[in-house]
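Here the structure comes first, spelled out in structure tokens, and everything after it is commentary.
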Amino acid sequence: MITRKRLAVGACGLLAALAVGLFPASATAADEPTAKEPPKVDLVLDVSGSMRANDIDGQTRMAAAKQAFNEVIDAVPAEVRLGIRTLGADYPGDDRALGCKDTKQLYAVGPLDRTEAKTAVATLAPTGWTPIGPALLGAAQDLEGGNGSKRIVLITDGEDTCAPLDPCEVARDIAAKGIHLVIDTLGLVPDAKTRAQLTCIAEATGGTYTSVQHKADLSSRVKQLVDRAADPVVNPVATEGAKQCTGAPQLKAGLYSDRETFGEHRWYRVDVLPGQELRASVSIGADRAVNNDYGVLLRATTVHGREIVRGSEAGDGRTDVLSTGLRYPKAEIDGADSDDKPVPETVCLQVSNSFSAPASVKTTPGMPVELTIDVVDGPDEASDVAAFGLGRGWWLLAVLALAGLLAGLVWGWISRWRISVWRTN
């Protein structure tokens, strides 16, 4: 019996070996899933003459950018294909035609040699013009090919000096090609014109704009953007809130973007079925100078105006983003027939802000708003106190309260016993 089993095993092994020989791996490769293409990131750095300004934490803008680049290069995920492009790094003269062609690929997009990339960055010195439009066109060419995520991160301290090639139009043309390339912009100590131009470039491709005043902010933000390329996030869907719940846009689970002027209220609508829980959060970006003391409010109400739940956050001083959120679980209907189609409840979401700005600051366009909507299955049991906003740590509070009550009772009994003994003696 044992001999027969051994013969069978040997025969199976022989057949397997013949199969491998007759049908090589290439024949079965088509059945395997295609490997995910690595993400690509091109860092575009302004090396124009204005980068000599000494106003970032006691350093020149160029020195701060170099140090931030070194930190970013050390932290780049292994799967990211990184490149570096410069603008204004080579031509120091006054010939506009030559100055507006001054952009080159400093480090080709590909697997990263950290030492080589740092060495290339170390050679840079503030030199010439600010040809942002041509640099974006060059960066788009650097990232050509493949279906993986692609991202340009532009770091500059000034607006483009090479019009009529408008960099905002360049960004729109890149977006129109449908190659899923996102441009993020960072302004180093920017003025109003620079901020407006960089915001336009970023918004044209679904990217983000960030104002940078400190070296640590530059390093951390670029790291975030590189990590985002390695782990792409969903781009928000543009929407426009209404002035009241009636006629407000109907939103489903997802990420949405809008704009809201100072002190404005905007409304949105979400349908929630019995047994589901609505989770919503909102972030408002202060993309310009604002006065101290501000807040953001997110309210969930019925269509008749009765408030269900709210979330709010306030602050003072300089801020970039202010966020808050809420949860609303809709209970199951007791005794409902399983054959009946459940009727959703329309929840009205109000987003309000109490930002204000100095008279010299423009109030239009409104500040960027990002609204996240999620509708999930509600708590399994009605006793889940987390559903009422107390979080999952409610049991700890209950234990502490019970322990305090028992301790008080025991101490009271001991005190009465001691007094009774004292009176007896």
Side-chain angles (χ1 to χ4, degrees), residues 38-90 102-132 134-136 138-140 142-143 149-158 181-190 194 198 201-202 207-230:
K40 297 178 181 179
V41 179
D42 209 10
L43 303 180
V44 180
L45 178 61
D46 180 358
V47 196
S48 61
S50 59
M51 291 289 282
R52 299 189 190 97
N54 192 338
D55 55 5
I56 296 186
D57 296 336
Q59 291 183 307
T60 65
R61 298 173 184 178
M62 191 74 247
K66 283 184 177 182
Q67 185 171 337
F69 263 52
N70 286 337
E71 294 174 3
V72 169
I73 289 169
D74 283 335
V76 171
E79 67 271 24
V80 172
R81 300 296 178 255
L82 186 78
I84 302 173
R85 172 171 285 273
T86 60
L87 60 96
D90 297 312
D102 186 8
T103 176
K104 71 174 183 179
Q105 191 178 51
L106 183 70
Y107 187 86
V109 177
L112 183 61
D113 183 320
R114 302 181 197 275
T115 301
E116 185 179 342
K118 287 182 180 180
T119 301
V121 171
T123 63
L124 298 176
T127 303
W129 295 62
T130 312
I132 293 178
L136 293 178
D142 297 344
L143 297 170
S149 66
K150 300 169 187 159
R151 186 174 294 269
I152 295 172
V153 180
L154 170 66
I155 301 102
T156 179
D157 69 338
L181 193 160
V182 175
I183 303 175
D184 296 292
T185 58
L186 292 89
L188 304 181
V189 197
T194 301
L198 295 182
I201 292 171
T208 61
Y209 163 72
T210 306
S211 175
V212 176
Q213 307 286 338
H214 301 285
K215 179 174 56 181
D217 296 338
L218 175 61
S219 176
S220 63
R221 183 56 176 161
V222 177
K223 286 179 185 176
Q224 289 174 358
L225 295 172
V226 173
D227 289 342
R228 184 173 293 183

Side-chain contact test, heavy atoms from C-beta onward, threshold under 4.5 Å: evaluate it for [X] versus [Y] and give yes or no.
| X | Y | result |
| --- | --- | --- |
| Pro111 | Arg81 | yes |
| Leu45 | Leu106 | no |
| Asp217 | Thr210 | no |

Donor-acceptor under 3.5 Å ([X] side chain, [Y] main chain):
| X | Y | answer |
| --- | --- | --- |
| Ser149 | Ala229 | yes |
| Arg52 | Pro126 | yes |
| Thr103 | Thr86 | yes |

Between [X] and [Y], what is the shortest heavy-atom contact and its length?
| X | Y | value |
| --- | --- | --- |
| Ile73 | Leu112 | O-CD2, 3.8 Å |
| Leu198 | Thr185 | O-OG1, 3.0 Å |
| Ala89 | Leu124 | CB-CD2, 4.5 Å |
| Val212 | Pro190 | O-CD, 4.4 Å |
| Pro38 | Glu79 | CB-O, 3.2 Å |
| Tyr209 | Ala202 | N-CB, 4.0 Å |

Notebook entry, point to check: What residue pairs, at least two apart or across chains, pass side chain to side chain donor-acceptor pair (under 3.5 Å) with a residue in residues 109-128?
Noted result: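 Sorted pair list: Asp74-Lys118.
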
Look up atom [atom1] in [X] and atom [atom2] in [Y], then write down how far apart they are to the nearest 0.5 Å.
| X | Y | atom1 | atom2 | answer |
| --- | --- | --- | --- | --- |
| Thr156 | Ile132 | OG1 | CD1 | 4.0 Å |
| Leu225 | Leu43 | CG | CG | 9.5 Å |
| Tyr107 | Gln105 | OH | CD | 10.5 Å |
| Asp102 | Thr130 | CG | OG1 | 10.0 Å |
| Lys215 | Leu188 | NZ | CG | 13.0 Å |
| Lys150 | Lys40 | NZ | NZ | 6.0 Å |

Notebook entry, point to check: Only one of Arg221, Arg151, Arg228 clears salt bridge (charged side-chain N to carboxylate O under 4.0 Å, His left out) with Asp184; which?
Noted result: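 It is Arg151; the other options fail the test.
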
Check: Per the side chain to side chain contact (heavy atoms under 4.5 Å, CB included) rule, which among Ile155, Leu154, Leu136 passes with Leu87?
Finding: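 Looking at Ile155, Leu154, Leu136, the match for Leu87 under the side chain to side chain contact (heavy atoms under 4.5 Å, CB included) is Leu154.
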
Check: Which residue pairs pass the salt bridge (charged side-chain N to carboxylate O under 4.0 Å, His left out) test with at least one member in residues 53-69, sequence neighbours excluded?
Finding: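 Sorted pair list: Asp55-Arg61, Arg61-Asp157.
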
Next item on the list: Please report the C-alpha distance between Gln213 and Ile56 in whole Å, then the side-chain angles of each, then the deciding distance to 0.1 Å, and finally whether the side chain to side chain contact (heavy atoms under 4.5 Å, CB included) criterion is met.
Entry: CA-CA 6 Å; Gln213 307 286 338; Ile56 296 186; over 6 Å; no

